[in-house]
Trainee: 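Please see the structure below; I have some questions.
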Amino acid sequence: QSVLTQPPSVSAAPGQKVTISCSGSSSNIGNNYVSWYQQLPGTAPKLLIYENNKRPSGIPDRFSGSKSGTSATLGITGLQTGDEADYYCGTWDSSLSAEGVVFGGGTKLTVL
Amino acid sequence: QITLKESGPTLVKPTQTLTLTCTFSGFSLSTSGVGVGWIRQPPGKALEWLALIYWNDDKRYSPSLKSRLTITKDTSKNQVVLTMTNMDPVDTATYYCAHGITMVQGVIITDAFDIWGQGTMVTVSS
């Protein structure tokens, strides 16, 4: 059971837009930055978004992030077949009893 | 250019202790604000954070695994070592080390990992 909640799967057609949600609490998303990762089959996770909405160098602007309260959203526009992957959200949890990094359960994106 | 690479045994027996080494380049763990973490992923399952170590030797552990984990650093060798005791088949996973994006604002917070190693698969079986 992951601390952050993501939908298990989402799907959309090539060229369309998709959003992936990530829900947490005040001890994690509510008071800390959110990051997003893309994991292509058989590869290590790759950072897509950090500090809620910033993209590392080389990440196309088709990928965007936002946060509101205790939830965050990853948006992907102009879907490509190469975007088929698992996507994870992550953040810091500031709970006194559980301080540390937390991840979501992951969302599998299918590009139909 | 920052790179990290994990190394260690591919197979361990139940109850044994696992020792993994992360060898990195492109940054120094003696530089203020730098942190390196370990994350694992069982086959077909989600990412799970394990531990973090910082430039000042401060350490953080996953609450659920804290009693079994030890993270250390060797700054001169650019290495971070993770040990996990009493291994069980449920610990079978790919283990990653990663460079953290760390903020220091009274407290130390790492809310993202920007560069990851390729991962090393560890199987726990008798």
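All of these numbers come straight from a predicted model, not from anything done at the bench. Protein chains get the first letters and strands the later ones, always in sequence-line order, with residue 1 at the start of each.
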Trainee: Please classify the contact of B/L52 with chain A as side chain, backbone, both or neither, using a heavy-atom distance under 4.5 Å.
Mentor: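 Looking at B/L52, just its side chain touches chain A.
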
Trainee: List for me each residue that meets ring-ring contact (aromatic ring centres under 6.0 Å, His included) alongside B/Y96, sequence neighbours excluded, and say none if there are none.
Mentor: B/W116

Trainee: Report which part of A/S97 has an atom under 4.5 Å of a heavy atom belonging to chain B: side chain, backbone, both, or neither.
Mentor: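 The backbone, not the side chain.
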
Trainee: What closest approach, in Å, do B/T110 and A/W92 show between heavy atoms, and which atom pair accounts for it?
Mentor: O-CE3, 3.0 Å

Trainee: I need the minimum non-hydrogen distance between A/P45 and B/L47, along with the two atoms involved.
Mentor: CG-CD2, 3.8 Å

Trainee: Which bit of B/S62 is near chain A, if near means a heavy-atom gap under 4.5 Å: side chain, backbone, both or neither?
Mentor: neither

Trainee: Do the side chains of B/V81 and B/V12 join up, straight or via other hydrophobic residues, at under 4.5 Å, putting them in one cluster?
Mentor: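 Hydrophobic grouping puts B/V81 apart from B/V12.
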
Trainee: Write down the atom of B/W49, the atom of A/G100, and the distance for their closest heavy-atom approach.
Mentor: CZ3-CA, 3.6 Å

Trainee: Find out if a path of hydrophobic residues (ILVMFWY) with successive side-chain heavy-atom gaps under 4.5 Å connects B/I108 to A/Y50.
Mentor: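 As far as the 4.5 Å side-chain criterion goes, A/Y50 and B/I108 are connected within one cluster.
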
Trainee: Taking all heavy atoms of A/Y88 and all of B/K45, pick out the closest pair and write down the distance.
Mentor: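 That would be OH-O, 3.5 Å.
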
Trainee: Quick check: does any side chain N or O of A/Y37 sit under 3.5 Å from a backbone N or O of B/F113, one acting as donor and the other as acceptor?
Mentor: yes

Trainee: Quick check: closest heavy atoms across B/A46 and A/G104, and the distance to 0.1 Å?
Mentor: CB-O, 3.9 Å

Trainee: Tell me, for B/I101 versus chain A, whether the close heavy atoms (under 4.5 Å) come from the side chain, the backbone, both or neither.
Mentor: side chain

Trainee: If you link I, L, V, M, F, W and Y whenever their side-chain heavy atoms are under 4.5 Å apart, who else ends up in the same group as A/Y87?
Mentor: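 Members other than A/Y87 - counting any ILVMFWY side chain reachable under 4.5 Å - are A/V3, A/L4, A/V10, A/V18, A/I20, A/I29, A/V34, A/W36, A/L48, A/I49, A/I59, A/F63, A/L74, A/I76, A/L79, A/V102, A/L109, A/V111.
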
Trainee: Quick check for you: among A/L47, A/V101, A/T91, which has the greatest number of heavy-atom pairs under 4.5 Å with chain B?
Mentor: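 Among A/L47, A/V101, A/T91, the one with the most close pairs to chain B is A/V101.
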
Trainee: What's the spacing between A/N28 CG and B/D111 CG if we round to 0.5 Å?
Mentor: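 So the gap between those two atoms works out to 12.0 Å.
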
Trainee: Which atoms of B/I39 come close to chain A, meaning under 4.5 Å heavy atom to heavy atom: side chain ones, backbone ones, both, or neither?
Mentor: side chain

Trainee: Measuring heavy-atom distances to chain B, does A/Q39 have an atom under 4.5 Å in its side chain, in its backbone, in both, or in neither?
Mentor: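 For A/Q39, the contact with chain B is made by the side chain alone.
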
Trainee: I need the residue from B/Q41, B/Q118, B/E48 with the largest number of non-hydrogen atom pairs under 4.5 Å to chain A.
Mentor: B/Q41

Trainee: Group every Ile, Leu, Val, Met, Phe, Trp and Tyr by side-chain heavy-atom contacts under 4.5 Å, then state whether B/Y95 and B/V36 land in the same group.
Mentor: yes

Trainee: Atom CD1 in B/I109, atom CD in A/E99: separation rounded to 0.5 Å?
Mentor: 7.5 Å

Trainee: Please report the interatomic distance CG(B/D114) to OG(A/S57), rounded to the nearest 0.5 Å.
Mentor: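 Going from the CG atom of B/D114 to the OG atom of A/S57 covers 11.5 Å.
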
Trainee: Please look at B/K66 and chain A and tell me whether the side chain, the backbone, both or neither of the residue comes under 4.5 angstrom of a heavy atom of that chain.
Mentor: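 Neither part, no heavy atoms under 4.5 Å.
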
Trainee: Under 4.5 Å between side-chain heavy atoms, hopping through other hydrophobics if needed: is there a path connecting B/V107 to B/M103?
Mentor: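 Yes: a chain of side-chain contacts under 4.5 Å links B/V107 to B/M103.
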
Trainee: Do other residues, nucleotides or ligands put more than 12 heavy atoms under 6.0 Å from the NZ atom of B/K59?
Mentor: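 Check passes, neighbour count above 12.
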
Trainee: With the 4.5 Å side-chain cut-off for hydrophobic clustering, are B/M121 and A/L40 part of the same group?
Mentor: no

